[in-house]
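In this chain, residues are counted from 1 in sequence order. Note that ligands are numbered from 1 as they come in the structure, with each ligand's atoms numbered from 1 the same way. Since we're looking at a predicted model, the values are computed, not measured.
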Amino acid sequence: MNRADLDWGNLAFGYRKTDYNIRYTWKDGNWNEGTLTKDENINMPMAATCLHYGQEAFEGLKVFEQKNGDIVAFRIEENARRMVRSCNKIFMAAPPEEMFIDAVRKTVEANRKFVPPYGTGASLYVRPLVIGTGPQIGVKPADEYVFIVFVMPVGPYFKEGFKPINLIVESEYDRAAPNGIGDVKVGGNYAAGLRASIRAKKAGFTEVLYLDAKEKRYIDESGPANFFGIDQNGHYVTPHSESILPSITNMSIVALAEEMGMKPERRPVDVEEIFSFKDAGCCGTAAVITPVGSITYGDRKAVYVEGDTPGEYCTALYKKLTGIQLGEEPDTRGWIRKI
Ligand code: PLP
Ligand code: COI
């Protein structure tokens, strides 16, 4: 197999054109067969609902080359299911789970040369999306939808890699409302987060940590990832909230933490608890497990680690999770699917 000529060990997390993407159209109640194309542009009516009324949902998952050379996806069924939930919530046609998985498989096969080699720290990031392409000018759902899957090889989401990042608690701007759409993966949530994120970066922080919009008391999540802390008993504590994205990575870490004796607790997490945690991290497909070095809250700062060395809990969980993804550890739960 001829592999693309890329500096695999130094890839950033960013868009890169690969050879093919796949597209399906939904019309009159049915999805068509789908076609692979080399075109990276989309042609649609200017009144398409995705452009006006935010009918857009996406997913993010990773494909790895494992130690034994297998090309695998991590928990792809969960992404397929979440895509259905996201589409349903904003009244879009949803790709059936099997079609989602098949679309990813075909796109990965067509772009096989972009799957990063085992051992480079890089992976193939898969970005499925559904958009309302039918024209409407009154606020209502489109009568046509397009489902696209494209892929690109990526390195770590935070340029620091597996090194501690610095968060700031956002107590002014909200990302998502209780009973809103913060629990699904739709574009509007990310537009809502840009103000806070850009302000935090300008002030020298890596990302923000959102509080619940109602009471401004409980931790929700970070912009692109869920949050966890390790309490004084060594328990894995992660927020339960109706307005955060149910992270597949976090769900996986909860299972691993249980097995590793870190007794997971998913519950409302009072922001004051950041001052008693002994380690903390962000987790997600793109973020994997990113150790948190410090959290600034008003004029106070919780510090977990100094310098570049991640905390021991983040390190242990990171090794376990990436070990399963890369086939260095047994996959006892059926999280890995050959592509
Ligand atoms: N939270 C938000 C807002 C996200 O965008 C993501 C990324 O998908 C996550 C959490 C992590 O979710 P997952 O682990 O399923 O990628
Ligand atoms: C992911 O982790 O896959 C995401 O979608 C996060 C993102 C906003 C890059």
Relative to atom 2 (C) of ligand 1, which among Lys62, Glu221, Lys185 owns the nearest non-hydrogen atom? Glu221
Does Val108 share a hydrophobic cluster with Leu326, counting links as ILVMFWY side-chain heavy atoms below 4.5 Å and allowing steps through other members? no
Single-linkage hydrophobic cluster, 4.5 Å side-chain cutoff, Met260 and Phe277 together: no
Give a yes or no on whether a salt bridge exists between [X] and [Y], defined as a side-chain N under 4.0 angstrom from a carboxylate O.
X: Asp183; Y: Arg85; value: no
X: Arg217; Y: Asp212; value: no
X: Glu242; Y: Lys214; value: no
X: Glu259; Y: Lys320; value: yes
X: Glu109; Y: Lys106; value: no

What is the nearest protein non-hydrogen atom to [atom], stated with its residue, atom name and distance?
atom: atom 8 (C) of ligand 2; answer: Tyr190 CE2, 3.7 Å
atom: atom 1 (C) of ligand 2; answer: Tyr125 OH, 3.3 Å
atom: atom 2 (O) of ligand 2; answer: Ala286 N, 2.8 Å
atom: atom 6 (C) of ligand 2; answer: Pro224 O, 3.7 Å
atom: atom 9 (C) of ligand 2; answer: Tyr157 CE1, 3.5 Å
atom: atom 6 (C) of ligand 1; answer: Pro224 O, 3.3 Å

Counting from 1 in the order shown, the ligand 2 atoms closer than 4.0 Å to a non-hydrogen atom of Phe58 are 5 (O)
Atoms of ligand 1 less than 4.0 Å from [X] heavy atoms?
X: Thr285; answer: 13 (P), 14 (O), 16 (O)
X: Gly223; answer: 3 (C)
X: Tyr190; answer: 2 (C), 3 (C), 4 (C), 5 (O)
X: Ala225; answer: 1 (N), 2 (C), 9 (C), 10 (C)

Parallel, tilted or perpendicular: which fits the ring planes of Phe147 and Phe100, with parallel below 30° and perpendicular above 60°? parallel
Mark yes when over 12 heavy atoms from residues, nucleotides or ligands other than Asn233 sit less than 6.0 Å from its CG; otherwise mark no. yes
Compare all side-chain heavy atoms of Arg75 with those of Ser252 and state whether any distance is below 4.5 angstrom. yes
If you measure from each heavy atom of Lys185 to ligand 2, is any distance below 4.0 Å? yes
Would Arg127 count as a contact residue for ligand 2, given that I'm defining contact as a non-hydrogen atom of the residue lying under 4.0 Å from a ligand atom? yes
Using a 4.0 Å heavy-atom cut-off, say whether Ser247 meets ligand 1 through its side chain, its backbone, both or neither. both
Specify side chain, backbone, both or neither for Glu78, according to which of its non-hydrogen atoms lie closer than 4.0 Å to ligand 1. neither
What about Leu245: any of its N or O atoms under 3.5 Å from an N or O on ligand 1? no
Using a plain distance cutoff, I'd like to know if Arg175 has any nitrogen or oxygen under 3.5 Å from a nitrogen or oxygen of ligand 1. no
Do the ring centers of Tyr125 and Phe13 come within less than 6.0 Å of each other? yes
